[in-house]
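Each remark here refers to the structure printed beneath this line.
Within every chain, numbering begins at 1; the chains are lettered A, B, ... in the order of the sequence lines, protein sequences first and strands thereafter. What you see below is based on every heavy atom in this structure, not just the backbone, and it leaves out hydrogens, waters and symmetry mates.
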There are 2 protein chains.
Amino acid sequence: MSLEHAILGFLNAHPYSGYNLKKIFDASVRHFWPADQSQIYRTLTRMNEKGWVEIEVVRQESRPDRKEYSITPMGRDELRRWLLSPLPPEDNRSADMIQVFFAGQFSNNEVLAMFERVAAQMRTGLERYAQIPREIEAYDEYTTSPREFFFGMLTLDIGIHSLKSNLAFVENLIERIRHGEIPEN
Amino acid sequence: MSLEHAILGFLNAHPYSGYNLKKIFDASVRHFWPADQSQIYRTLTRMNEKGWVEIEVVRQESRPDRKEYSITPMGRDELRRWLLSPLPPEDNRSADMIQVFFAGQFSNNEVLAMFERVAAQMRTGLERYAQIPREIEAYDEYTTSPREFFFGMLTLDIGIHSLKSNLAFVENLIERIRHGEIPEN
DNA sequence: TGCCATTATAGGACTTGTACTATATGCTAC
DNA sequence: GTAGCATATAGTACAAGTCCTATAATGGCA
């Protein structure tokens with residue numbers, strides 16, 4: 001489970017509440033690790049039981065009380081252990097690859113429509129990616145060092161880079177179909 | 001849910017048993033859609049209840065009886081509908097991206113070790129990808145048309161292409177760290 | 001005054017998937 | 001002759017995540 005570790009990563013820089021964490025996830029790692037609000041709260045509870053985080057209830061006058069979670073030494077150890085240990089071989093489920101895999105069951109016209117849709121989705125994906133730095137800087141509750149920010153942005157670069165090269169691939173395919181290079185049957 | 005749709009995709013070409021399907025998944029789409037044996041059987045049962053597949057029990061003498069699943073017209077409709085409809089925006093969880101995201105919490109030496117590990121994993125991933133066509137051709141229970149095979153292989157090409165470009169990116173980063181282009185703190 | 005948005009936490013029901021185990025048959029290698 | 005492997009199906013328990021809902025305070029707007 002790495003929602004726990006992603007949370008530890010953020011808490012290592014600064015203590016946050018569940019609500020804060022949801023905002024931060026949405027403004028940063030959403031594209032490669034979406035986090036459900038409900039799941040964040042449940043995970044924080046479990047992490048507290050494990051002794052990875054501590055809770056401080058912060059009274060607020062104009063707003064509901066917050067539970068501020070900070071990382072414990074045990075939590076820091078766990079984060080370090082996880083970040084420096086190899087991950088079990090990837091299990092990246094991607095339904096769009098399944099769609100492409102079975103594309104041969106349709107005519108070239110339909111495949112073309114499918115691929116154009118995929119390309120369009122990739123383009124909007126790229127746009128959304130490009131906005132992330134602004135989003136995360138706009139969320140002023142989020143504080144981090146320049147070095148950590150650099151590596152965070154680097155991850156987005158990888159995502160963008162990867163999306164761009166996939167898009168180029170798909171666009172090339174669209175051209176090949178248009179030029180009649182893929183036989184119908 | 002697209003395990004259902006992936007199964008429909010395979011059954012559209014040929015009827016298979018749960019056991020067959022497990023083999024086929026492992027020999028083809030495993031890298032972007034791993035399928036658990038237990039999950040396949042449960043899913044087939046559910047699909048039968050929905051009327052997407054039909055069961056024919058095939059008596060075998062030297063082996064346990066097989067339940068052969070074939071796609072129904074309803075199943076075909078559902079497959080077509082799904083393949084030609086846009087997917088909800090991707091939710092590709094990838095834990096290695098989380099690891100890179102938080103890499104800034106470590107020294108350049110540790111980051112280097114991390115990235116080299118990631119690069120090594122990508123290289124073995126590439127090797128495994130390259131073996132797939134041979135694997136799927138070796139599983140003689142799996143039958144498909146040349147056109148469908150072409151699109152299947154195309155999916156693998158996208159996977160390989162994407163992995164290669166990510167690997168190049170990571171290798172470039174490793175070089176940048178080695179040349180002292182990323183300040184320590 | 002009523003309605004909606006924001007801040008804040010959390011439970012219930014459900015889905016999808018994993019890990020492990022059970023059961024059964026027949027073939028092959030040692 | 002028995003251990004292990006391939007074929008074949010399926011259940012239990014659990015983990016992780018989604019969707020929807022509940023609760024509660026405040027502030028803004030019409």
Measure from [atom1] on [X] to [atom2] on [N] and round the result to the nearest Å.
{"X": "B/Ile98", "N": "D/dA16", "atom1": "CD1", "atom2": "P", "answer": "15 Å"}
{"X": "A/Asp26", "N": "D/dT18", "atom1": "CG", "atom2": "C1'", "answer": "14 Å"}
{"X": "A/Tyr16", "N": "C/dT7", "atom1": "OH", "atom2": "C1'", "answer": "17 Å"}
{"X": "A/Gln39", "N": "C/dG17", "atom1": "CD", "atom2": "C1'", "answer": "14 Å"}
{"X": "B/Ile40", "N": "D/dT7", "atom1": "CD1", "atom2": "P", "answer": "14 Å"}
{"X": "A/Glu4", "N": "D/dA15", "atom1": "CD", "atom2": "C1'", "answer": "11 Å"}
{"X": "B/Leu21", "N": "D/dT7", "atom1": "CG", "atom2": "P", "answer": "14 Å"}
{"X": "A/Ile24", "N": "C/dT7", "atom1": "CD1", "atom2": "P", "answer": "13 Å"}

B/Arg93 vs D/dT18: side-chain N/O to OP1/OP2 distance below 4.0 Å | yes
Any B/Lys23 side-chain N or O less than 4.0 Å from OP1/OP2 of D/dT7 = yes
Partner set under side chain to side chain contact (heavy atoms under 4.5 Å, CB included) for A/Arg42, not counting sequence neighbours | A/Ser38, A/Gln39
Sequence neighbours excluded, which residues qualify as side chain to side chain contact (heavy atoms under 4.5 Å, CB included) partners of B/Asp77?
-> none
So, do B/Phe10 and A/Phe101 have ring centers that fall under 6.0 Å from each other?
-> yes
Any residue meeting ring-ring contact (aromatic ring centres under 6.0 Å, His included) with A/Phe32, in chain and number order, not counting sequence neighbours = none
Hey, could you give me each pair passing ring-ring contact (aromatic ring centres under 6.0 Å, His included) that has a residue in residues 162-185 of chain A? Not counting sequence neighbours.
-> A/Phe169-B/His161
Each nucleotide of nucleotides 9-15 of chain C classed B (base within 4.0 Å of a protein heavy atom), S (only sugar-phosphate) or -, in 5' to 3' order, makes BBBBB--
Please identify each residue that fulfils salt bridge (Lys or Arg N to Asp or Glu O under 4.0 Å) with B/Lys67, with sequence neighbours left out.
-> none
